[in-house]
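Take a look at the structure below.
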Amino acid sequence: MSDPVRFLTAVTQALSTMSLYGDDHPATTRGLETALERLQELQEIDPKLQFTFLSGEVVFGSEVVHELEGWEWSDRLVRAGIERIEMLGPIDVDQFGRFLSHMAMRLGIRPGSSTDIWQMGDSPIRYGQVTLGQGQNPMEILRLEPVRTMAYTLGEERATMDWVHNEIQKGAKIPMVEADAVVRSLSIAMHAEQAMVLPLLQLKEFDQYTTTHSMNVSVLAMALGEYLELGGATVRALGVAGLLHDLGKTCIPREILVKPGKLTDAERVVIRDHPVVGARMLLASPEPMELAAVVAYEHHVMLDGGGYPALHDARGAQYASMLVHVCDVYDALRTNRPYREAWESERALAYIKDRSGVEFDPGIAQAFISMMRHWDQRISTMPA
Ligand SMILES: [Fe+2]
Ligand SMILES: [Fe+2]
């Protein structure tokens, strides 16, 4: 068992004991002391610690704790509004005890009121939510210190995605585990700051367009999903769908993709086929990715039925496809293309507003615009 696992296990044991015996029982005291010992072992290496809880996942510092994948307590903590715990320095038994009883109250293990906010005082423990925009409890956010220790370059994730695309080009099955891992890292990077900062990648070589673009669309789709309060599992599924929406492009010859001039009719047919090709690949993968396949198929379909391919279903494209469509267009406009310069964010947002109700679903377009306006000043663009 690794040290973070030992510590978190000891905390949950202490909390369970607390629920059985109450605060002053010797068993509770013992549980508390054991958890504190485990904490002090962890703090020997570095007294500053940070745990992030996503649904079904625990991140210690910037590392996913694989042993705790699917751990039921991470869901419980998220539901209780405890998405991040930070220890800023050494903690004494009194401070730790107060924090555990507060956690027990938040988790509904012992009675308390939801207005009972964490009286931080001199305690070096902070906790709170790390979600974007709406639904935050400002009292808790104020009590979270900005965390700027994690520098994400996402270089490894980009390399993984390049590899995923190469594998598919060679005709291999879609490596879903790797794609999932990339989405997980993007989600962590997105939540890494006290206030969410969208990590958008800058394009270096046009050859890397599909990789860079897929990762940006994935982050934008997850951010928009959170902004619309769609819930953890849906947000993650949108991240996967965003990452794989242009998978069909891996089958398009490079000369066509990077061609600076006008396309011939035959070339345009090849390009316009990528949604169908991508959807087919996703449905044929070992674990068929249904939502991702639908999104791949429909991400160029406009609200008024324009775009491609033509849908037979009069209800039009699915909500997830329309959501990814907005993110897709935004990132494409913000990128230098062989035939035009990248647009400024405001210009791209004005375009989306202008086409709202025709190309874009008005509700989704409006949410996207207000989300981007809110975050534009703080978007961190990762160097290529
Ligand atoms: Fe596309
Ligand atoms: Fe795209």
Side-chain angles (χ1 to χ4, degrees), residues 157-158 161-162 164-165 168-169 174 179 182-183 186 198 200-203 205-225 237-254 256-259 263 267-283 289 291-303 305-311 316-340 342-343 345 348-349 351-352 355 359-361 364-365 368 372:
E157 287 70 23
R158 190 199 293 252
M161 257 340 263
D162 278 337
V164 165
H165 285 147
I168 294 164
Q169 254 156 5
I174 300 167
V182 170
V183 170
L186 290 174
L198 290 175
L200 295 185
L201 296 162
Q202 270 173 339
L203 188 64
E205 310 265 342
F206 198 76
D207 267 14
Q208 286 187 331
Y209 174 67
T210 306
T211 297
T212 311
H213 170 67
S214 335
M215 291 170 70
N216 287 345
V217 172
S218 175
V219 169
L220 289 169
M222 285 192 281
L224 184 55
L238 283 170
V240 174
L243 189 72
L244 302 175
H245 78 280
D246 267 341
L247 208 59
K249 278 199 177 163
T250 53
C251 299
I252 301 176
R254 189 181 167 275
I256 302 182
L257 272 185
V258 301
K259 186 175 172 178
L263 298 173
E267 287 164 343
R268 197 165 302 121
V269 169
V270 173
I271 296 252
R272 285 180 159 235
D273 213 24
H274 80 270
V276 178
V277 173
R280 214 174 274 145
M281 291 160 86
L282 286 160
L283 286 176
M289 304 294 299
L291 184 75
V294 168
V295 168
Y297 193 85
E298 297 179 340
H299 74 277
H300 284 285
V301 174
M302 300 181 186
L303 185 71
Y308 57 91
L311 295 188
Q318 304 273 329
Y319 189 77
S321 309
M322 293 192 291
L323 189 149
V324 170
H325 180 60
V326 174
C327 304
D328 182 32
V329 169
Y330 177 84
D331 187 65
L333 292 174
R334 298 278 287 124
T335 308
N336 281 313
R337 304 301 275 261
Y339 47 89
R340 64 149 174 77
W343 288 14
S345 180
L349 293 179
Y351 175 86
I352 290 170
R355 305 272 299 153
E359 173 168 357
F360 306 110
D361 174 271
I364 296 173
F368 185 82
M372 292 311 284

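Side chains included, hydrogens not; waters and symmetry mates left out as well; all remaining heavy atoms used. Atoms within a ligand are numbered from 1 in the order they appear, just like the ligands themselves. As the structure is a prediction and not an experimental result, all values here were calculated from the model.
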Problem set entry | Polar side chain donor-acceptor pair, His245 to His213, under 3.5 angstrom | yes

For this session: Please test Val301 against Tyr308 for side chain to side chain contact (heavy atoms under 4.5 Å, CB included), starting from the C-alpha separation and ending with a verdict.
Result: CA-CA 5 Å; Val301 174; Tyr308 57 91; over 6 Å; no

For this session: For the Fe ion (ligand 1), check which protein N, O or S atoms are under 2.8 Å away and list them.
Result: Asp246 OD1, His274 NE2, His299 NE2, His300 NE2

Exercise. Side chains of Leu349 and Tyr330: closer than 4.5 Å at any heavy-atom pair?
Worked result: yes

Exercise. Would you say the side-chain atoms of Asp246 and Thr210 include a donor-acceptor pair closer than 3.5 Å?
Worked result: no

Tabulate below the donor-acceptor pairs under 3.5 Å that side-chain atoms of residues 317-327 make, not counting sequence neighbours, or state none.
residue	atom	partner	partner atom	Å
Ser321	OG	Glu298	OE1	2.7
His325	ND1	His299	O	2.6
His325	NE2	Glu359	OE2	2.9

Exercise. Side-chain contact, heavy-atom cut-off 4.5 Å: Tyr351 with Trp343?
Worked result: yes

